[in-house]
Amino acid sequence: MSEDQPDKRRKQVDALQLGPRKRPSVTDPLVHYGRHFGRTIHALCNFQALLTNGILRMGELADTPEENFTAEERREHRVFQELLKSVAGLEERLMQGGDDEVDIVADLLTKGASGARGDDTKSLKGSVLDWITPKGQNLVPPLARNVKIDRGFHHERTGALLCPAGIDWSNPETKTKLRSGEIIVTGDQWPLFLYADYRYDPEDPWNGLFQSALLVCAYKHVFTSPSSVDREPKATRSGNARIHGMTQVTLPSVAYIATQVRFALTSSPVFSRTDTVTDSERFYNSILDVFEDPDEKQEVDALVVWWNRQVFPSYSTAQRPLAKNSALARIREKRARMKESVQVPDGSSHSVAHND
C-alpha cells in the first residue's frame, strides 16, 4: 500500500503540470493573427494554397508580368501581401523554411480564422433575433435562439429580410416558391437586409446599400463588443478591433459581417463555404467584387467613410478641418509659406531642394 502512494502523488503533480504545457499552442501569435485576418482581410481563403502560390510569385514567378495573371490570381496575391504586412517576420519565416514550415503556418492561420468564424456564427445566432424584433413587440411565431430550423423563408420576418432585392416578398405566390425552393436564390442575389430601412430603389441600387441598422448592430457586436450595440460607441471600450489595433473599417470586414448575418437569418444549421443552399462563398465574393471594382470607387469610398463614422467615434473627429487659429494650423501655414519661398524665381514648379 505504501509503495503505491508515491505513484499517486507523482500522478497528481504531473496532472497539474499538463495545463501550462499546452498553453503555448492556444496562444500562438499566428492563431491570433488568423482570427483577425479572417474577419478583416479574407474570410474564406485556403491558407495552404495562399501561402504556396504567394511564395511562387515571390520566387520562380517574380519576373512574370502582372498582366499574365488572372484577376482572381491578382486578388489572391494582394491578400497574400496583406498577410505578410500584418504578421511581422512571416515573409522571412516562409522564405527560409521548407514545406513543413508552410504547413505549420497554414494550419495555425486556419485554426485562427475558422475559430473566429465559428465563435461569431454561434454568438450571432441568438443576438440577431433581438435586432430583428421590433421594439416592444414579439416575433410571431417566436423563433428559438439555438435552433434555426424555423428561420429562412419559413418565417415571415427572416424571409422578408432574406428576400432578394427586386423580388416582392408580399406576393403570396413568390413567397410559396421561395419556401418550396422553386425559386432558387444564389449568393449573388443580394437580400433586402443589406439596405437601410430594408428598402431597395431599383433606379438607384447604391442608395442605402450596406447601410442597414442590422449590419451595424452585428458589426459592433463582433468588433467593438456585444454591449456596444445598444449604446453610443466609446473610444475606450475594448473589443476585437481594439485588441488588434484596428482604427478603421475594412471593406472585407463589412462583407464578412454581411455573410454572417445572412447565415444567421437562414435555416441552415452549420456554416460551410461550399454549402450550395446558402451559397455563402459566392455571396461573400460577390460583395468583394463590387468593393474592388474601379468603376464603383466613388460609392465605395463614401461607404467606407459612413461605416467609420458608425463604428469608430474617433474617426469622424480625425476628419474635421483644423481650427483656424490653432497652433497646429499655424505650424502648417508657416511650413507652406517656407515651401513657397524656396520655389525657383522664374515661377517654375520645381523646388530648389532636390536632395529631399
Side-chain angles (χ1 to χ4, degrees), residues 29-30 32-45 75-88 90 109 112-113 116-117 119-120 123-124 194-196 206 208-261 284-323 328 332:
L30 284 175
H32 176 75
Y33 284 118
R35 290 181 70 84
H36 192 58
F37 185 88
R39 285 168 169 152
T40 60
I41 306 299
H42 203 288
L44 304 173
C45 69
R75 175 195 278 179
E76 183 184 290
H77 195 59
R78 286 196 301 272
V79 171
F80 175 71
Q81 289 172 319
E82 285 288 337
L83 177 62
L84 295 186
K85 276 195 293 184
S86 65
V87 185
L90 180 59
L109 290 169
R117 188 169 65 243
D119 289 347
D120 295 338
S123 178
L124 289 167
L194 296 178
Y195 282 90
W206 262 108
L209 181 59
F210 301 112
Q211 295 181 343
S212 72
L214 180 54
L215 281 181
V216 174
C217 286
Y219 198 103
K220 288 180 179 180
H221 180 89
V222 169
F223 286 102
T224 54
S225 75
S227 62
S228 70
V229 172
D230 300 319
R231 306 180 202 162
E232 283 298 310
K234 292 181 182 176
T236 53
R237 183 173 289 116
S238 27
N240 287 315
R242 188 173 173 82
I243 289 166
H244 293 273
M246 184 181 178
T247 57
Q248 293 189 28
V249 164
T250 69
L251 287 165
S253 67
V254 176
Y256 171 74
I257 291 299
T259 305
Q260 283 281 12
V261 170
Y284 177 77
N285 285 325
S286 69
I287 296 175
L288 291 186
D289 286 342
V290 169
F291 285 167
E292 294 174 7
D293 187 341
D295 293 336
E296 307 298 337
K297 188 177 187 310
Q298 187 176 342
E299 285 81 1
V300 171
D301 287 349
L303 183 67
V304 170
V305 172
W306 184 88
W307 266 100
N308 281 321
R309 287 175 177 161
Q310 307 306 307
V311 181
F312 296 104
S314 58
Y315 178 85
S316 50
T317 307
Q319 307 307 303
R320 289 176 190 158
L322 289 172
L328 181 55
R332 291 191 177 164

Engineer: Would you call Asp119 and Arg39 a salt bridge, using N to O less than 4.0 angstrom?
Structural biologist: no

Engineer: Testing the basics here: between His221 and Ser123, what is the closest heavy-atom pair and its distance to 0.1 Å?
Structural biologist: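 Heavy-atom minimum between the residues: NE2-OG, 2.5 Å.
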
Engineer: For Tyr195 and Ser212, work out which heavy atoms get closest and say how close.
Structural biologist: O-CB, 3.2 Å

Engineer: Under the 3.5 angstrom rule, does the side chain of Glu296 hit a backbone N or O of Asp289 as a donor-acceptor pair?
Structural biologist: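 Checking the backbone N and O of Asp289 against the side chain of Glu296, no donor-acceptor pair under 3.5 Å is found.
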
Engineer: How close do Arg75 and Leu288 get, counting heavy atoms only, and between which atoms?
Structural biologist: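 The answer is NH2-C, 3.6 Å.
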
Engineer: Using atom types as modelled and distance alone, determine if a side-chain donor or acceptor of Tyr284 lies under 3.5 Å from a backbone N or O of Leu44.
Structural biologist: no

Engineer: In Å, rounded to the nearest 0.5 Å, how long is the span from CD1 of Ile287 to CG of Leu251?
Structural biologist: 11.0 Å

Engineer: Within a strict 4.5 Å, meaning less than it, do heavy atoms of the Leu215 and Leu194 side chains meet?
Structural biologist: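 Leu215 vs Leu194: side chains touch.
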
Engineer: Give a yes or no answer on whether the side chain of Trp306 reaches the backbone of Phe210 with a donor-acceptor pair at less than 3.5 Å.
Structural biologist: no

Engineer: Flag the pair Leu83 / Ile41 as yes when at least one side-chain heavy-atom distance between them is below 4.5 Å, and no otherwise.
Structural biologist: no

Engineer: Mind running side chain to side chain donor-acceptor pair (under 3.5 Å) on Tyr219 and Ser253 for me, showing each step along the way?
Structural biologist: CA-CA 8 Å; Tyr219 198 103; Ser253 67; 2.6 Å; yes

Engineer: Spell out, as yes or no, whether a donor-acceptor pair under 3.5 Å connects the side chain of Thr40 to the backbone of Thr250.
Structural biologist: no

